[in-house]
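Since the model is a prediction, treat every value here as computed from it, not as a measurement.
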Amino acid sequence: FCYEFRDIIALKIDKMGDVKESSNNLTNKELISLQKMSKMDHLVFNTTDKNLGPCISENKNRYSVDVFKHLQDVKTYKKLSAEEKDAFILQAKIQLDILLDKYKKFLSDQEYSFLKNSKNAISVPWFYIIYKLHKTPIDVRPIVAGYNWITKGISVYLSEKFKSFIHLFDSILSDSLSIIRFLETHSFPKNVILFTMDVKALYTNIPIDDAIEVLYNFFLKIGRAHV
């Protein structure tokens with residue numbers, strides 16, 4: 001994909017005459033070439049994982065096939081009718097109201113207002129994929145973009161609260177540079193083997209009930225001193 005994109009762009013630019021450069025971060029030749037390519041119906045443009053840039057495919061059905069490959073996984077995704085979707089949203093709002101009323105005394109006025117209002121202006125998440133060009137064979141990463149979904153407010157709230165506990169885990173890195181700093185300042189015996197591993201579809205494979213139980217036991221263990 002990335003090589004096709006590079007070669008097509010280079011070919012288009014080479015066939016064009018000299019064009020005056022503009023103040024844009026793209027040259028006029030690049031801009032005109034991209035504008036022309038955007039009108040080519042047989043091409044499909046997409047973004048890539050790990051910020052590797054754009055990719056292009058001349059197989060227009062490739063993207064649709066890869067999308068439905070994921071959506072047909074009934075263990076992860078469930079198709080809802082419009083009525084089922086509306087019923088789910090209504091039930092979620094009711095449950096959030098119950099939680100807010102129950103724990104209101106632990107929330108500041110600002111937190112309560114934020115959580116209360118965040119469940120009103122919502123939009124249904126949309127599904128798309130980006131390509132993993134660094135994988136062999138090329139794979140895809142499914143993304144469900146829930147920027148304004150009904151759980152956004154409480155997700156943001158819990159995320160901020162949980163961040164304060166990260167320092168209690170010596171096995172959690174605060175960011176990508178942490179491992180670099182660690183490796184640069186530590187030495188290891190010759191018989192130590194360093195390796196990396198990856199979990200396929202990590203988030204969708206986490207049992208929700210088990211995760212909640214683990215968090216509950218964790219907070220019981222650390223006690224109120226850290227809460």
Trainee: Would you say the ring centroid of F169 lies under 6.0 angstrom from that of F218?
Mentor: yes
Trainee: Any donor-acceptor pair under 3.5 Å linking the side chain of T48 with the backbone of G53?
Mentor: yes
Trainee: State which residue, out of L107, L96, L100, fulfils the side chain to side chain contact (heavy atoms under 4.5 Å, CB included) condition with K116.
Mentor: L100
Trainee: If we check side chain to side chain contact (heavy atoms under 4.5 Å, CB included) with Y63, which of these qualifies: V67, N61, D66?
Mentor: V67
Trainee: Taking 4.0 angstrom as the limit, do E111 and K161 come out as a salt bridge?
Mentor: yes
Trainee: Between R181 and E184, does any side-chain N to carboxylate O distance fall below 4.0 Å?
Mentor: no
Trainee: Quick one, V140 and Y128 - any side-chain contact, counting heavy atoms below 4.5 Å?
Mentor: no
Trainee: Treating S113 as the side-chain partner and Q110 as the backbone partner, does any N or O pair qualify as donor plus acceptor under 3.5 Å?
Mentor: no
Trainee: Do Y112 and I94 belong together in a cluster built from hydrophobic side chains that touch within less than 4.5 Å?
Mentor: no
Trainee: Between I172 and F219, is there shared hydrophobic-cluster membership here, with clusters defined by ILVMFWY side-chain heavy atoms closer than 4.5 Å?
Mentor: yes
Trainee: State, yes or no, whether a side-chain contact exists between V65 and N59 at a heavy-atom distance under 4.5 Å.
Mentor: no
Trainee: Do any N or O atoms from the side chain of K119 and from the backbone of I150 form a donor-acceptor pair under 3.5 angstrom?
Mentor: no
